[in-house]
Amino acid sequence: MTEPIGALPGNAVAGAAASRPAGDTLEDTALSHRLEEAARPGVMAVPPRPTGQGLAAWARWAWRTLTSMRTAVLLLLALALAAVPGSLLPQRGVAFDPGAVTRFLADNPVVGPWLDRLGFFEVYSSPWFAAIYLLLMVSMTGCVLPRAARLWQSARAEPPRAPTNLARLDDHRRATVAAERAQILQAAASHLRARRFRVVVEDDSVRAEKGYLREAGNLVFHLSLLVLLFGVAIGSLFGFEGRVIVVEGASFTNTRLQYDEFTPGPLTDAEGLSPFSVTLDDFTARFETAGPQRGSARDFQADLTVLRTPGGAAEKVTVEVNHPLQVEGTKMFLTGHGYAPVVSVTDGRGQTVFSGPVVFVPFDGNLSSEGVIKVPDGQPTQLGFEGFFLPTASVDPAAGPRSLYPDLVDPQLLLTAYTGDLGLGDGAPQSVFRLDKTNLSQVMDGDEPFARALRPGESMTLPDGQGTLTFESVSRFANFQIAHDPGKELSLVAAVALLLGLTVSLAVRRRRVWVRVTAAAGGGGATVEAASYALTRREPVPGELSSLLAALPGAEPGGSGTSPHDRED
């Protein structure tokens, strides 16, 4: 029973193609070509089931299944599907909005916790994503390297011998030439070499092949795909990504403790980060003032003072969107901005227990922001404040407090106060943007919660002499995303090489030409047969055989034969 070609394992196909003897029939040659096509890298053959019952047989079957092209393609598809939740759902450590995951969990109390348990808010560091990627790496390595070796052998191989009956090939020509056999063969070989064919001359024939660059392109494509995967893996293992908020006048040093969020790779040396530091001297933002795009950001930039090494010379640098600061492979991107009201707080004793800027996090396009002020040193009780900062304030009874424009036109700070235990002494981690109200009591103004709206320079005094808060001024802050990806250069080179290899493999035609010379009937001259065979799905080059026959010494004009361009559809 004949086994279908597509079901033959790769080594059986290659062996069948290599075992074809010289002088076989045309049918055997056509079968050989089909076998060669099936043996080429990229054909998704199904690995045979194990023939033995032992563990070794099943292990070989599992390895062949894992390293088959079909499995590699399926794993690549699975990796693409696994990355979808990372684009649709907020992610910890990579999202620009630090409160996105918290708000999603609050808005989806039923589904959110299950998604969190399954790692959908940390997709790219989840065990299941890493497992798919690792399987893809192993599959691609075991799939690509043997195919690369076969492609290299194919690119260096000599043209195969001609089939017995050239006339049954689709593109065939026959001519009678008044010249010696040696002259004809030499002229045919010279003509083909001039057109960059690889040529082998035998006693009565010439065999030639062209388009080996296609196999070189295939080789570059497969190896580049593997290198690209390794480049991404190197970046994931040894790189890191972090986020930090820097207020005007404040500094940041590239140490792990100064990051607001820090996501290292499994092999990242978190103690060996590039020791640079920056100071945010000034932040400038410009917004559209009229039209349908009113309030949209038109430009914003951060003016920094940079020390690339401890004790080094200070350098003035301007960082803009898509123009990051780069220090020793670490890039500092400007990703967002907002406002930090500057406040001072005195406690019930009249002592100043807090003074400085407090970051309020924007929650809409007009930079309406929310935040908290924690005063753990207040006496006789700790103080906490919660509220909104509005650059251009509008307080609507229905819609609530909001900003009408993102720039500082009418800035107001709306706060309510709490007293009690802030919970900072129990050692549990706590967000700087949220108040733990477990042991806090809201300050009351009669029967209503105490709340005030302050403009810069105004103060509010808490009832019963519990303290005073003054809204001094407004500073800006910049949100920076800092990333180090040691594999990005390798990935870029591999991606470029991959595209070039793919282009070459698709554009170049690989084809074979045979010329056979026999003595003409009656002893006058010689009969020349020429045929070509395309190894790709594209038809042979029009006129290639006609120009070959015309270049032979003593050739008659024209020549008989068949060509795919001569037949009607």
Side-chain angles (χ1 to χ4, degrees), residues 5-19 35-50 56-80 129-158 211-238 267 486-506 508 510 535-536:
I5 292 177
L8 289 175
N11 55 357
V13 173
S19 63
L35 292 173
E36 289 175 3
E37 291 291 332
R40 288 184 179 182
V43 175
M44 295 187 290
V46 179
R49 293 184 179 276
W58 281 99
R60 285 194 300 270
W61 174 81
W63 173 253
R64 290 172 181 171
T65 302
L66 178 61
T67 57
S68 67
M69 181 62 74
R70 173 175 293 180
T71 302
V73 171
L74 291 176
L75 286 172
L76 193 61
L77 178 61
L79 188 72
F129 189 88
I132 296 174
Y133 195 90
L134 181 61
L135 285 174
L136 178 62
M137 289 282 294
V138 174
S139 178
M140 288 299 299
T141 302
C143 176
V144 167
L145 292 183
R147 282 165 172 75
R150 290 197 290 271
L151 282 168
W152 175 248
Q153 294 173 357
S154 177
R156 300 175 63 228
E158 289 187 350
Y212 289 94
L213 189 60
R214 179 175 183 268
E215 305 309 324
N218 271 325
L219 177 63
V220 170
F221 171 78
H222 283 80
L223 292 179
S224 298
L225 182 60
L226 188 61
V227 172
L228 179 62
L229 290 175
F230 275 100
V232 174
I234 290 172
S236 300
L237 291 174
F238 296 95
L267 303 180
K488 63 181 182 301
E489 291 84 3
L490 182 64
S491 299
L492 176 62
V493 172
V496 173
L498 185 147
L499 292 175
L500 291 176
L502 180 62
T503 301
V504 169
S505 65
L506 294 176
V508 174
R510 187 170 180 182
L535 274 74
T536 62

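Computation of the quantities below employed the complete heavy-atom set of this structure, encompassing side-chain atoms and omitting hydrogens, waters and symmetry-equivalent molecules.
Here the straight-line distance linking atom CG of L136 with atom OG1 of T71 works out to 11.0 Å at 0.5 Å rounding. Note that the CG atom of L502 and the NE2 atom of H222 stand 10.0 Å from one another [nearest 0.5 Å]. Note: M140 CE to L145 CG = 9.5 Å, rounded to the nearest 0.5 Å. Distance CE/M137 to CG/L75: 12.5 Å, rounded to 0.5 Å. Atom CG of L74 is separated from atom CG of L79 by 12.5 Å, given to the nearest 0.5 angstrom. To the nearest 0.5 Å, atom CZ of residue R150 and atom CD of residue Q153 are 8.5 Å apart.
Legend: residues meeting ring-ring contact (aromatic ring centres under 6.0 Å, His included) with F238, ordered by chain and number and at least two apart, are absent.
Using a distance-only test at 3.5 Å, with no hydrogens or angles considered, no donor-acceptor pair links the side chain of S224 to the main chain of F221. Proximity of a side-chain donor or acceptor of S139 to a complementary backbone N or O of L135 within less than 3.5 Å is not detected. Under a 3.5 Å cut-off, the side chain of S505 and the backbone N or O of G217 do not form any donor-acceptor pair.
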Compile the donor-acceptor pairs under 3.5 Å between side chains in residues 225-232 and protein atoms, sequence neighbours left out, one pair per line.
none

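Considering all non-hydrogen atoms of both residues, V508 and G211 come closest at CG1-CA, 3.7 Å. Nearest heavy atom pair, residue R510 against residue Y212, reads NH2-CE2, 3.3 Å.
Ring pair W61/W58 is perpendicular by interplanar angle, where above 60° counts as perpendicular and below 30° as parallel.
Looking only at side-chain heavy atoms (C-beta outward), V504 and V220 stay at 4.5 Å or farther from each other.
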